[in-house]
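To start, the structure itself, in structure tokens.
Order of appearance sets the numbers: ligands from 1, and atoms from 1 within every ligand.
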Amino acid sequence: MKNKETENKRLKNHPCFSVEAHKKYGRLHLPVAPVCNIQCNYCIRKFDCVNETRPGVTSKVLGPFESLERVRAIMERTSGISVIGIAGPGDPLANDATFDTLRLVHREFPEVILCISTNGLMLPDRLPDLLACGVESITVTINAVTSETAEKVYAHVLHGGKKLTGKAAARILMHNQWEGLSEALGAGLIVKVNTIYIPGINEAEVPRIASRAAALGAEIMNVMPLIPQAKFKDLARPSCGMLSKMRDVCRAHMPQMTHCTQCRADAFGLLGEDGDIEMELLHARIGEDYCENV
Ligand code: CLF
Ligand code: SF4
């Protein structure tokens, strides 16, 4: 059962869930999760997770204690960090360091909202651990509602000690994403859905993801434009106009995030006010046509 008062406070103070909060509060990412358990066709491992991070080269993977040191140092000299998140560079739930880090940080900074972003494969399994660590908000990246489309988006899924491909991979991934999302909402977490808008592959399913996520009670959706790379390097990146139109369609189902900066796994501070090096990496990688607030 959700505690409405706590939930509203979290939503109000979380820079990714609230457009107002992002002008006032920042997030601090801890890059402790290098391993991933799936292969998205738009991902190259040497870059940060493009589900949730800007595709700059990962500067450094930290361990749990190094992360705690980083939190201490940044909290001492930066005000307004309301959220500490783990968003890669791989999948947080595929890395035990995620849970060790969350526990350490929560013990010392219980007032900060803990957040993770995941592909959802291990969410039903690891939700109890996330709750025990004090996590209060999650993002699940869902790119398809049918296995035909999911098959095109994901090359493989590592599950139960096996490497699955095709429909078998698609089915287990989608089942766990929706199951995990639903259970997380039932457990009182605030939940955002990220969807990569991949022209020619999943545009017909993006609004269906919005509709289903809204029906389950997710708070907000973040439709992110494909960054063409890896197997999808020859696909077109959606224009600002296409993105805006897609968000309008999805808005009929649920609120849309329009202020995402596709930040790095090691970003910190207010959204959009990260260092110059990150901006250079972004522009070098995806060109100057990056559009925000559409
Ligand atoms: Fe980080 Fe993601 Fe939590 Fe935010 S980011 S784990 S929900 S605290 Fe935010 Fe960055 Fe966009 Fe993500 S701007 S990429 S939506
Ligand atoms: Fe890459 Fe993230 Fe997909 Fe894993 S979940 S393959 S790190 S984009």
Side-chain angles (χ1 to χ4, degrees), residues 10-11 13-19 21-22 25-56 58 61 81-95 98 102 112-123 130 135-143 150 153-158 169 173 177 189-196 198 218-227 229-232 256-274 278 282 292-293:
R10 270 183 243 153
L11 288 171
N13 294 342
H14 197 307
C16 304
F17 281 69
S18 153
V19 72
H22 97 282
Y25 299 113
R27 50 48 185 131
L28 160 53
H29 279 171
L30 300 171
V32 298
V35 175
C36 193
N37 46 15
I38 69 174
Q39 179 62 60
C40 304
N41 282 330
Y42 49 73
C43 178
I44 303 175
R45 282 286 190 281
K46 62 185 174 188
F47 298 119
D48 288 354
C49 174
V50 291
N51 283 339
E52 188 65 16
T53 62
R54 192 185 290 167
T58 309
V61 171
I81 298 284
S82 65
V83 176
I84 294 179
I86 299 180
D91 187 76
L93 304 189
N95 294 267
T98 295
L102 291 168
V112 176
I113 300 167
L114 292 183
C115 186
I116 63 119
S117 171
T118 175
N119 59 41
L121 179 66
M122 291 173 74
L123 191 51
L130 290 175
V135 167
E136 294 182 293
S137 71
I138 64 164
T139 292
V140 188
T141 298
I142 303 180
N143 296 317
V153 178
Y154 305 103
H156 69 248
V157 161
L158 302 174
L173 179 60
Q177 288 174 332
L189 300 190
I190 56 170
V191 177
K192 172 162 70 64
V193 175
N194 277 5
T195 299
I196 313 296
I198 312 166
E219 272 76 19
I220 191 165
M221 180 185 207
N222 179 17
V223 180
M224 306 166 93
L226 171 75
I227 296 167
Q229 58 179 9
K231 278 200 186 143
F232 286 169
Q256 297 294 300
M257 181 179 186
T258 57
H259 58 287
C260 174
T261 54
Q262 293 183 264
C263 48
R264 292 166 56 94
D266 55 3
F268 78 92
L270 293 179
L271 303 189
E273 293 193 4
D274 302 301
E278 292 179 11
L282 170 69
E292 249 184 82
N293 302 320

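For the atom pair OH of Tyr25 and CD1 of Ile113, the computed distance is 9.0 Å after rounding to the nearest 0.5 Å. Taken from CG in Leu189 to OG1 in Thr139, the straight-line distance is 11.0 Å, to the nearest 0.5 Å. Summarising the geometry, atom CG belonging to Leu123 is positioned 6.0 Å from atom OG1 belonging to Thr118; distances are rounded to the nearest 0.5 Å. Between atom SG of residue Cys16 and atom CG of residue Leu271 there is a gap of 5.0 Å, rounded to the nearest 0.5 Å. Taken from CD1 in Ile86 to CG in Leu102, the straight-line distance is 4.0 Å, to the nearest 0.5 Å. Rounding to the nearest 0.5 Å places OG1 of Thr98 at 8.5 Å from CG of Leu130.
Here is the list of ligand 1 atoms found below 4.0 Å of a heavy atom in Val83: 8 (S). Each of the atoms 1 (Fe), 5 (S), 6 (S), 8 (S) of ligand 1 lies under 4.0 Å from some heavy atom of His29. The contact set between ligand 1 and Leu271, taken as ligand atoms under 4.0 Å from a residue heavy atom, comprises 13 (S). Shown in contact with Lys192 at under 4.0 Å from a heavy atom are these atoms of ligand 1, numbered in order with element: 7 (S), 15 (S). Listed by number with element, the atoms of ligand 1 under 4.0 angstrom from any heavy atom of Thr139 are 7 (S). Which parts of ligand 1 touch Cys115 is read off a 4.0 Å heavy-atom cut-off, strictly below it: atoms 3 (Fe), 6 (S), 7 (S), 8 (S). Less than 4.0 angstrom separates some heavy atom of Cys263 from each of these atoms of ligand 1: 5 (S), 10 (Fe), 13 (S), 14 (S). Close contacts of ligand 1 with Asn222, meaning ligand atoms under 4.0 Å from a residue heavy atom, involve 15 (S). For ligand 2 and Cys43, the ligand atoms under 4.0 Å from any heavy atom of the residue are 1 (Fe), 6 (S), 7 (S), 8 (S).
Not a single N, O or S atom of Cys36, from either the backbone or the side chain, sits less than 2.8 Å from atom 1 (Fe) of ligand 2. Here Cys260 does not reach atom 9 (Fe) of ligand 1: none of its N/O/S atoms is less than 2.8 Å from the metal.
Only the backbone of Gln262 comes within contact range of ligand 1, with a heavy atom under 4.0 Å; no side-chain atom does. No part of Asn194 comes within 4.0 Å of ligand 1, judged by heavy-atom distances.
Residue contacts with ligand 1 include Met257, since one or more of its heavy atoms lies under 4.0 Å from the ligand. At a 4.0 Å cut-off, at least one heavy atom of Ile38 sits close enough to ligand 2 to count as contact.
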Leu121/Leu158 under side-chain contact (heavy atoms from CB on, under 4.5 Å): CA gap, chis, key distance, verdict: CA-CA 9 Å; Leu121 179 66; Leu158 302 174; 5.6 Å; no
Stepwise side-chain contact (heavy atoms from CB on, under 4.5 Å) check, Met224 with Thr141: CA-CA 10 Å; Met224 306 166 93; Thr141 298; over 6 Å; no
side-chain contact (heavy atoms from CB on, under 4.5 Å) between Ser137 and Glu219, worked out: CA-CA 10 Å; Ser137 71; Glu219 272 76 19; over 6 Å; no
Step-by-step side-chain contact (heavy atoms from CB on, under 4.5 Å) determination, Ile196 to Cys40: CA-CA 11 Å; Ile196 313 296; Cys40 304; over 6 Å; no
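Distances from atom 7 (S) of ligand 2 to the heavy atoms of Ala265, Pro89, Pro92, Cys40 show the closest one on Pro89.
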